[in-house]
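Just below is one structure, and these are the notes that go with it.
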Number of protein chains: 2
Amino acid sequence: MSALSTHTRAPLSRSRIATAALAIVDREGLDALSMRRLGAELGVEGMAVYRHFPNKAAILAGVVEVLLAKLVIPPPSDVPWQAVFRELSHTYRALLLRHPHAIPLLAALPLSDPATARAAGAVMAQLRAAGFDAQSALKTLATITSYVIGVAQWEVGTAPYRSAGARGSFVLPPAADPYLVELLPQLAADDCDDTFEFGLDVIVRGLEARS
Amino acid sequence: MSALSTHTRAPLSRSRIATAALAIVDREGLDALSMRRLGAELGVEGMAVYRHFPNKAAILAGVVEVLLAKLVIPPPSDVPWQAVFRELSHTYRALLLRHPHAIPLLAALPLSDPATARAAGAVMAQLRAAGFDAQSALKTLATITSYVIGVAQWEVGTAPYRSAGARGSFVLPPAADPYLVELLPQLAADDCDDTFEFGLDVIVRGLEARS
DNA sequence: ACCTGAACACCGTTCAAGT
DNA sequence: ACCTGAACACCGTTCAAGT
């Protein structure tokens with residue numbers, strides 16, 4: 001076997017490009033990702049990327065792929081479904097919070113994307129093994145996915161309030177409703193993990209009540 | 001009072017611009033909204049818009065304002081909280097589904113935006129009147145908002161599957177998980193209103209079990 | 001085979017100039 | 001006072017040309 005000649009930079013590849021794109025999104029936000037910026041990150045002209053991806057949408061799909069590959073979903077076991085449900089929710093939530101700028105990409109939920117389909121399939125396997133019938137499993141998947149993504153977005157959207165609260169300077173909207181004003185300090189001091197747990201409990205108990 | 005002289009076009013105004021922007025988003029999607037395109041819609045050069053809005057982000061906030069103004073939230077009454085909760089969820093859901101391309105704008109949930117704060121305050125008033133303490137009311141608001149927006153996004157994201165199912169042509173991702181494949185026909189035939197109701201029941205029952 | 005450079009039709013935004 | 005036109009620094013995308 002021949003020794004690999006070490007050039008100044010590794011050759012371009014789908015995964016190297018997608019990983020670089022995720023790095024830009026994580027550091028500078030979704031809007032900062034452009035073909036030319038991506039090329040610069042890779043030490044190449046932006047147009048070289050078109051050898052590996054047909055367009056920008058395909059690159060964003062590649063970023064989703066990279067993200068969901070990080071989502072380790074354990075194989076079905078005989079653990080009670082409540083525990084499985086809670087653990088999957090926490091795992092997914094942790095992934096979203098590690099990549100807050102990428103949440104809108106995952107919110108789109110394109111099941112036609114192989115990476116999304118693989119992850120959804122793994123969760124379905126868990127739910128079916130836990131005794132859910134096909135229809136309930138699908139509706140439960142929809143419910144939990146919607147909730148976890150929704151909360152992550154709420155969290156990012158209300159972050160300014162919490163940091164304002166930490167600084168003691170509230171961003172009071174003019175003529176805000178008194179009921180909301182009453183709650184602003186509470187919102188500012190809100191423990192998001194706690195709020196997430198509140199809703200997760202609500203959903204688990206609701207599912208128990210249904211079955 | 002003087003008769004209004006009818007010129008070829010009405011003068012520019014914040015609300016006229018925001019309404020035109022929403023119309024473009026509804027018809028052609030978020031990406032189609034540009035300053036020049038917006039100007040054309042109003043019969044004006046795109047740069048004229050800068051007289052009324054400092055930048056494009058402000059215009060998007062204006063679109064959120066127009067959308068949330070459509071959200072009629074009734075004043076508190078002595079109706080059981082479960083009914084109030086369900087009705088608010090349905091009203092919000094209906095608004096989102098009437099403007100599917102605008103959902104990402106509402107998902108961001110900037111409470112510092114007066115329009116968002118007003119709507120959130122009105123819902124808080126309902127929950128407080130229904131007997132929720134301040135903390136539970138806030139966490140409940142977070143839960144329901146997250147769920148309704150999350151489901152709407154799930155629905156938009158899985159729409160290709162349902163229309164493919166209607167045409168009888170499935171978009172099968174290569175090497176999809178067998179558990180998911182089993183469920184694809186079900187997903188394609190899914191009644192989204194029904195799935196939404198499933199999760200709403202789950203949450204209402206869960207909230208009942210907590211109190 | 002893989003990357004570059006120039007080009008095209010767009011962007012958001014600024015600002016001097018017109019009326 | 002309100003809008004326009006030209007300009008600036010960017011976009012995504014295509015494609016002939018380079019090595």
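Here is the naming used below: chain letters follow the sequence lines, and residue numbers restart at 1 for every chain. Heavy atoms only: backbone and side chains are in, while hydrogens, waters and symmetry mates are out.
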I want to confirm an ordering. Mapping A/Arg51 and B/Arg51 to their closest nucleotides on DNA chain D, which one lands closer to the 5' end?
B/Arg51
If a stem is a run of at least 3 consecutive Watson-Crick or G-U pairs, both distances under 3.5 Å, which stems include DNA chain D?
C:4-8 with D:12-16, C:12-16 with D:4-8
Contact string for nucleotides 6-15 of chain C, one letter per nucleotide 5' to 3', B = base within protein heavy-atom range under 4.0 Å, S = sugar-phosphate only, - = neither, reads BB---BBBB-
Which residues pass the side chain to side chain donor-acceptor pair (under 3.5 Å) test with B/His52, not counting sequence neighbours?
none
Side chain proximity check, B/Leu200 to B/Ile144, heavy atoms < 4.5 angstrom
yes
Atom CD of B/Glu45 and atom P of D/dT4: how far apart are they, to the nearest Å?
5 Å
With sequence neighbours left out, the residues meeting ring pair (Phe, Tyr, Trp, His ring centres under 6.0 Å) with A/Tyr147 are A/Phe196
Keeping the roles fixed (side chain from B/Arg162, backbone from B/Glu155), state whether a donor-acceptor pair exists under 3.5 Å.
yes
Between A/Lys139 and B/Asp194, does at least one N-O distance fall below 4.0 Å, as a salt bridge requires?
yes
A/Gln186 versus B/Gln135: any side-chain heavy-atom pair under 4.5 Å?
yes
Tell me the salt bridge (Lys or Arg N to Asp or Glu O under 4.0 Å) pairs involving residues 53-71 of chain A, sequence neighbours left out?
A/Arg14-A/Glu65
Sequence-distant partners of B/Ala189, side chain to side chain contact (heavy atoms under 4.5 Å, CB included), two or more places apart:
none
